[in-house]
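Both counts, for ligands and for their atoms, begin at 1 and track the order of listing. Sequential numbering from 1 along the given sequence is applied to the chain's residues. Hydrogens, waters and symmetry mates are skipped; everything else that's a heavy atom, side chains included, is used. Since we're looking at a predicted model, the values are computed, not measured.
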Amino acid sequence: MLARIEAKIALAKAFSSRTSGSATFIPAVRSLSSSDSAAAAAAPFDLAVIGGGSGGLACAKEAAELGARVCVFDFVPPSPTRGTSWGLGGTCVNVGCIPKKLMHLAAGVGDTLRHAGAYGWQLDGGAPRHDWEALSGAVKQHVKSLNFGHRSQLMQRNIDYCNMLAKFEGYEGGTPDRPLLALSATNPKTGRSRRVLAANAVVAVGGRPSLPADVPGAAQLGITSDDLFWLPRSPGRTLVVGGGYVALECAGFLAGLGLQAEVMVRTDVCLRGFDRQMANLVVDFMRQHCGVKFHLGCKPMAVTDQSGSASGLRVDWRNADGETNSAAFDSVLFATGRRAVTADLNLDAIGVAVDSAGRVVGGEDGQLEKTSVPGVFAIGDALQNGVELTPVAIRAGKLLARRLFDKTVSAESATAATMDYSNVATTVFTPLEYACVGLSEEAALTKLGPNAVEVYHAVYTPYEFVLPHLDQTQCYIKAICGPSSSGRQPLLGLHVTGPNAGEIVQGFAALLRTGTAAYEDLAGTVGIHPTSAEEITKLWITKKSGLSPMITGC
Ligand SMILES: Cc1cc2nc3c(=O)[nH]c(=O)nc-3n(C[C@H](O)[C@H](O)[C@H](O)COP(=O)(O)OP(=O)(O)OC[C@H]3O[C@@H](n4cnc5c(N)ncnc54)[C@H](O)[C@@H]3O)c2cc1C
């Protein structure tokens, strides 16, 4: 690691001391005296990054370490629902992965407390009671420390950070074949503004939750995940509208914190895009173990305020048969999709295309981040056909910076520096975690046909379930394999539901990345006993065999 950092520093020094022959690289300006600071401020940047989230910050830091002169624009318009806003770091840090994981863990602590008696613990003082304010306060403190960390990392790297909303203005200066990009930025709160020129720009603006336009009261009375983690008081009885991972994760931790949580989904499909069987297990567990009520095939019609009465908000909805119903909640959380926030970037001015969801249209496979306009790139959630996950945005940002500014990335090694969006592992942090990598069973069947796909599976008992005598029916593993060739069945996908599923699958994701992973690699590995992960090495029952996948003991 140290060697890598030293190499980067050496490279950065080499860059700042030489004149780049590349049209995209304008030598970095370093150690400004006060007299030339005005000129430096007006000097073009090598890279302007719009968006200080996972992708933008990673790209900016990597570019700066490679000697590029970089500026980052980041501004968070308050949420339209509650006016919530936050600091530097983007969705993941402030209103995504991090607060979500902490609340998921908080719910898990509650579970542990509920089952403590099974391990001989006597909890004096009756049933534990959860304090939302204490949790959200602690989460907020942690998030603020991350905001601070990001700011200081930008400072350490001499990155020009502007807390402003940026947009493109067009082109100005440069050479006829590579004109410079002109950007303007303002801070809507302070009125401060700024204008910069840059040789390259990265659109890393991420997305924000979208509210249904056809549900009266949704925008006025509802909340989104942009508000939930920052609510000063408990959301109370909550209806979560939506069936994606954000909806199910939020409903899951709210239920785990002891709140009434219900989920309303327009169709009867939750976790669309994930393996169907696994998604159903996640929902079954939330129903059976956490008491989450699911209203499938139902569409909210209106949210009305009944303030003054104890009923809070009234939600009216219609089911698939056209029957109407209503119920009272304290909060209605809309997790009904996200939209890339490109509308105000003035992308038309430079000719960058976006799709109907506002995402930037990228380039060919292997160069997805490259737009049709030279010098303009997109990464993270704002990019069409990407994978909307933090580590993906980070890696894509770093690799892009290396392709732009690392002169040791030769034409031959350029492929190594392109982002591979395949076989990205992910976890749904529902009360029963679901982690996966590779193809779902449906995708494998579509791709290869039923005869070519072999599914190894097992229902297993995590040790966490043993003494509290929990029903383990939803703890399930399946490995999706292709047809055998030279005695090896290629491993195409791995799916696990159970405690800490994310921790389990991460290691197996490395195996899948080798490109030669096979069932035989799993079966040939000696397990770590007694763990849940070892069950993956013990898979032997195939779906085609018709044998029961229930595992009963050691
Ligand atoms: C509730 C929730 C839970 C999630 N959980 C996970 C998880 O567990 N694991 C995981 O990997 N991913 C998770 N994600 C997804 C992850 O957060 C995103 O994939 C990731 O943050 C995308 O990074 P990004 O850089 O593309 O954009 P963002 O992180 O969204 O950053 C974009 C930044 O740009 C700013 N911006 C926008 N427009 C402008 C402009 N014109 N000028 C200046 N600044 C601008 C925005 O305000 C924002 O700060 C979760 C998302 C949500 C909503």
Would a distance-only check, ignoring hydrogens and angles, find a side-chain to backbone donor-acceptor pair under 3.5 Å from Thr91 to Gly96? no
With atom 32 (C) of ligand 1 as the reference point, say which of Ala343, Gly90, Ala204 has the nearest heavy atom. Ala204
Run the contact test for Arg338 against ligand 1 with a 4.0 Å cut-off on heavy atoms, strictly below, and give the result. yes
Identity and separation of the nearest protein heavy atom to atom 27 (O) of ligand 1: Gly206 CA, 3.3 Å
Using distance alone, determine whether Arg208 and ligand 1 share an N or O pair under 3.5 Å. no
Qualifying residue, where the test is side-chain contact (heavy atoms from CB on, under 4.5 Å) with Pro99 and the options are Phe229, Trp230, Trp86: Phe229
Taking NZ, NE, NH1 and NH2 as the nitrogens, is one of them in Arg233 or Asp330 under 4.0 Å from a carboxylate oxygen of the other? no
Going by the order shown, which atoms of ligand 1 are within less than 4.0 Å of some heavy atom of Phe429? 8 (O)
Could you identify the single nearest non-hydrogen protein atom to atom 11 (O) of ligand 1 and state the distance to 0.1 Å? Thr390 N, 2.9 Å
Just need the protein heavy atom nearest to atom 33 (C) of ligand 1, so name the residue and atom and give the distance. Asp74 OD1, 3.4 Å
Ligand 1 N/O within reach of Val246 N/O, cut-off under 3.5 Å: no
Ignoring hydrogens and geometry, is there a side-chain-to-backbone donor-acceptor pair from Thr497 to Tyr476 under 3.5 Å? yes
Ligand 1 atoms nearer than 4.0 angstrom to some heavy atom of Leu165 are 39 (C), 40 (C), 41 (N), 42 (N), 43 (C)
Rounding to 0.5 Å, atoms CG (Asp381) and CZ (Arg339) come to a distance of 13.5 Å
What are the atoms of ligand 1, with element, lying closer than 4.0 Å to any heavy atom of Pro391? 11 (O)
So which protein heavy atom does atom 39 (C) of ligand 1 come closest to, and at what separation? Val205 CG1, 3.7 Å
Between Arg403 and Glu369, is there a salt bridge with N-O shorter than 4.0 Å? yes
Can you pull out every salt bridge (charged side-chain N to carboxylate O under 4.0 Å, His left out) where at least one residue sits in residues 75-88? Sequence neighbours excluded, please. none
Any N or O of Phe229 that comes nearer than 3.5 Å to an N or O of ligand 1? no
Closest to atom 41 (N) of ligand 1 by heavy-atom distance, out of Ala58, Ala396, Ala166, is Ala166
Proximal atoms of ligand 1 relative to Met164 (non-hydrogen, under 4.0 Å): 42 (N), 43 (C)
Geometry only, no angles: is Gly55 polar-contacting ligand 1 at N/O separations under 3.5 Å? yes
Out of Thr426, Leu383, Val341, Asp381, whose heavy atom is nearest to atom 22 (C) of ligand 1? Asp381
Just by distance, with hydrogens left out, do His295 and Glu262 show a side-chain donor and acceptor under 3.5 Å apart? yes
So is there a nitrogen or oxygen of Thr91 less than 3.5 Å from a nitrogen or oxygen in ligand 1? yes
Which of the numbered atoms in ligand 1 are under 4.0 angstrom from any heavy atom belonging to Gly52? 33 (C), 34 (O)
For atom 31 (O) of ligand 1, the closest protein heavy atom turns out to be Gly53 CA, 3.2 Å
For atom 15 (C) of ligand 1, the option (of Phe168, Tyr245, Phe73) bearing the nearest heavy atom: Tyr245
Looking only at atom types and distance, does a side-chain atom of Thr112 sit under 3.5 Å from a main-chain N or O of Gly110, one as donor and one as acceptor? no
Counting heavy atoms only, which of Gly51, Cys162, Ala340 is nearest atom 34 (O) of ligand 1? Gly51
Could you establish whether Val95 and ligand 1 come within less than 4.0 Å of each other, counting only heavy atoms on the residue side? yes
Could you say whether the N/O atoms of Glu249 and ligand 1 ever approach to under 3.5 Å? no
Going by atom types only, do Gln474 and Asp284 share a side-chain donor-acceptor pair under 3.5 Å? no
Could you tell me whether the side chain of Asp355 and the main chain of Val360 form a donor-acceptor pair under 3.5 Å? no
Around atom 47 (O) of ligand 1, find the nearest protein heavy atom and jot down its residue, atom name and distance. Phe75 O, 2.8 Å
Run the salt bridge (Lys or Arg N to Asp or Glu O under 4.0 Å) test against Lys167 and tell me which residues pass, sequence neighbours left out. none
I want to confirm something. Looking only at heavy atoms, which of Cys97, Gly397, Pro209, Gly96 is nearest to atom 12 (N) of ligand 1? Cys97
Quick one: which ligand 1 atoms are inside 4.0 Å of a heavy atom on Lys100? 3 (C), 4 (C), 5 (N), 6 (C), 7 (C), 8 (O)
Distance from Gln277 atom CD to Glu441 atom CD, nearest 0.5 Å? 6.0 Å
Within 4.0 Å of some non-hydrogen atom of Cys92, the atoms of ligand 1 are 17 (O), 21 (O)
Heavy-atom donor-acceptor pair, Thr336 side chain to Ser210 backbone, under 3.5 Å: yes
Could you tell me whether a side-chain N or O of Asn147 sits under 3.5 Å from a main-chain N or O of Leu88, the two making a donor and an acceptor? yes
Which atoms from ligand 1 have a heavy atom of Gly380 less than 4.0 Å away? 26 (O)
State whether the side chain of Asn200 and the backbone N or O of Leu47 hold a donor-acceptor pair below 3.5 Å, judged by distance alone. no
